[in-house]
Engineer: 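The structure follows.
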Number of protein chains: 2
Amino acid sequence: MKINSNIRYGLRAIIEIANSPKPVLQREIAERQEISLNYLDSIIAGLKNSGLIVNSGGKGSGYILAKKAKDITVYQVYCAFSPDLQLVNCFCDTNECQRSNNCPSKDYWFELNSKIKELMSSKTIKELMNNDILINQ
Amino acid sequence: MKINSNIRYGLRAIIEIANSPKPVLQREIAERQEISLNYLDSIIAGLKNSGLIVNSGGKGSGYILAKKAKDITVYQVYCAFSPDLQLVNCFCDTNECQRSNNCPSKDYWFELNSKIKELMSSKTIKELMNNDILINQ
DNA sequence: TTTACATCCAACTAATTCAGTTGGATAACT
DNA sequence: AGTTATCCAACTGAATTAGTTGGATGTAAA
Ligand code: FES
Ligand code: FES
């Protein structure tokens, strides 16, 4: 179990945007977070297509959060880059396990899956922002 | 985030062993769990090298749990096949992140990591066994 | 004692995923 | 016109996954 680069960078990028008093350019995120500008392209696209960030006023204007930091969860960032969390395929709609009737391990993985989703859904970007910024809000 | 085959099969195999009133042969596990006998080799090896199961009396005698089912956790099974859970490398001893001072996302991943470990450590094989067997213990 | 079985173990493989890079299209501002 | 910013698709090398193959070794039944 690992968190992949898209999700790691995506979380860092959105925290960077949340922390900034002004709209942030992609280049600025790339510099501050030391992520290749080109690679960041797809990260930003993921956040944007999921409706978590927007261009503040068209091209060149920089990015801002699309909603309040307290209304964006880590799980939403996760889902911007991966399908809904499914630790195993046993309980996956499209690929359900043939052994699935009354399987104790399936039940356990499902339970763990739900709890991990909860853990990610209950943490908001606001809780990950730096305090100086919060004071000004 | 996915649970890999070793861990999935390993959990199913150890539940199979736990549920059996008699020592179980590798071949029996392979048949009942529909896992290739050859592939199961490495699964059994993992469980055995981690001290979770033992041969009940040398070759051909079948496997039994090395300790009580209530003393074997899902996290121990996990660790039989993977190093200690590390969702990201930022807080990894050997590969610590250069950006690591005061990084909110690192702190969050570490917190999530701890909670997932807890979730896996607090579930025992006994809880995953079938009830008929438990009654006889 | 030969044979069959059970376990042990290392090396190989195809397929997939990961973590980016390259190269360019498009649009806006200067 | 030229620079900058964003958008987007295709490509790539490296690593990981999920096994298979082939055999060595030890035990037990015939
Ligand atoms: S349901 Fe998939 S292994 Fe049990
Ligand atoms: S510590 Fe690794 S990215 Fe923050």
Engineer: Counting side-chain heavy atoms from CB outward, which of D/dT6, C/dC9, D/dA18 is closest to B/Asp41?
Structural biologist: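 Closest nucleotide to the B/Asp41 side chain: C/dC9.
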Engineer: Could you please name the option among D/dA5, C/dA6, D/dT20 that lies closest to any side-chain atom of A/Arg27?
Structural biologist: D/dA5
Engineer: Should we say atom NZ of B/Lys68 is surrounded by more than 12 heavy atoms from elsewhere, each under 6.0 Å from it?
Structural biologist: no
Engineer: When the distance from OH of A/Tyr39 to P of D/dT6 is rounded to whole Å, what number comes out?
Structural biologist: 18 Å
Engineer: So, B/Asp41 and B/Gln26: side-chain donor and acceptor under 3.5 Å apart, yes or no?
Structural biologist: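 Side-chain D/A pair, B/Asp41 to B/Gln26: present.
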Engineer: Output yes when A/Glu16 and A/Arg12 qualify as a salt bridge under the 4.0 Å nitrogen-oxygen rule, no when they do not.
Structural biologist: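 Answer for the salt bridge query: no.
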Engineer: Would you say CZ of B/Phe110 has more than 12 non-hydrogen atoms from neighbouring residues, nucleotides or ligands within 6.0 angstrom?
Structural biologist: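 Result for CZ/B/Phe110: open.
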Engineer: Given atom OH of A/Tyr63 and atom C1' of D/dA5, what is their separation to the nearest angstrom?
Structural biologist: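 Answer to the nearest Å: 8 Å.
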Engineer: Just to be sure I understand the rule, does A/Asn55 reach a base, reach only the sugar-phosphate, or reach nothing, if contact means heavy atoms closer than 4.0 Å?
Structural biologist: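 The residue A/Asn55 makes sugar-phosphate contact but no base contact.
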Engineer: Rounded to whole Å, please give me the gap between CG in B/Asn89 and P in C/dC18.
Structural biologist: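 Rounding to the nearest Å, CG of B/Asn89 and P of C/dC18 are 15 Å apart.
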Engineer: When all nucleic acid strands are considered with a 4.0 Å heavy-atom cut-off, which category describes A/Asn38: base, sugar-phosphate, or nothing?
Structural biologist: base
Engineer: For the pair made of CD in A/Glu31 and P in D/dT4, what is the distance, rounded to whole Å?
Structural biologist: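 In whole Å, D/dT4 P lies 13 Å from A/Glu31 CD.
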Engineer: Have a look at B/Ser42 and say if it touches a base, only the backbone sugar-phosphate, or nothing, with a 4.0 Å heavy-atom cut-off.
Structural biologist: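 If one applies the 4.0 Å heavy-atom cut-off, B/Ser42 turns out to touch nothing in the nucleic acid.
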Engineer: Can you check the B/Tyr9 OH to D/dT17 C1' distance for me, whole Å?
Structural biologist: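 Rounded to whole Å, this separation is 11 Å.
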Engineer: With nearest nucleotides of DNA chain C determined for A/Ser5 and B/Asn49 from heavy-atom distances, which residue corresponds to the more 5′ nucleotide?
Structural biologist: B/Asn49
Engineer: Would you say A/Ser61 reaches D/dA5's phosphate, i.e. side-chain N/O to OP1/OP2 under 4.0 Å?
Structural biologist: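 No, A/Ser61 has no side-chain N/O under 4.0 Å of OP1/OP2 on D/dA5.
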Engineer: What's A/Phe81 touching, base or sugar-phosphate or nothing? Going by heavy atoms closer than 4.0 Å.
Structural biologist: nothing
Engineer: D/dA5, C/dA6, C/dA19: which one has an atom nearest the side-chain heavy atoms of A/Asn4?
Structural biologist: C/dA19
Engineer: Which nucleotide, C/dT26, D/dA18, C/dT7, lies nearest any side-chain atom of B/Leu25?
Structural biologist: C/dT7
Engineer: Could you check how far CD of B/Gln26 sits from P of C/dC9, rounded to whole Å?
Structural biologist: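 Those two atoms, CD and P, are 12 Å apart.
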Engineer: Take the protein atom CG of A/Leu37 and the nucleotide atom C1' of D/dA5, then report the distance between them rounded to whole Å.
Structural biologist: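 My rounded result for the distance is 9 Å.
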Engineer: Any heavy-atom pair between the side chains of A/Lys123 and A/Leu119 that's under 4.5 Å?
Structural biologist: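 Side-chain contact under 4.5 Å: no.
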Engineer: Can you tell me how far P of D/dT16 sits from CE of B/Met1, to the nearest Å?
Structural biologist: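 These atoms are roughly 19 Å apart.
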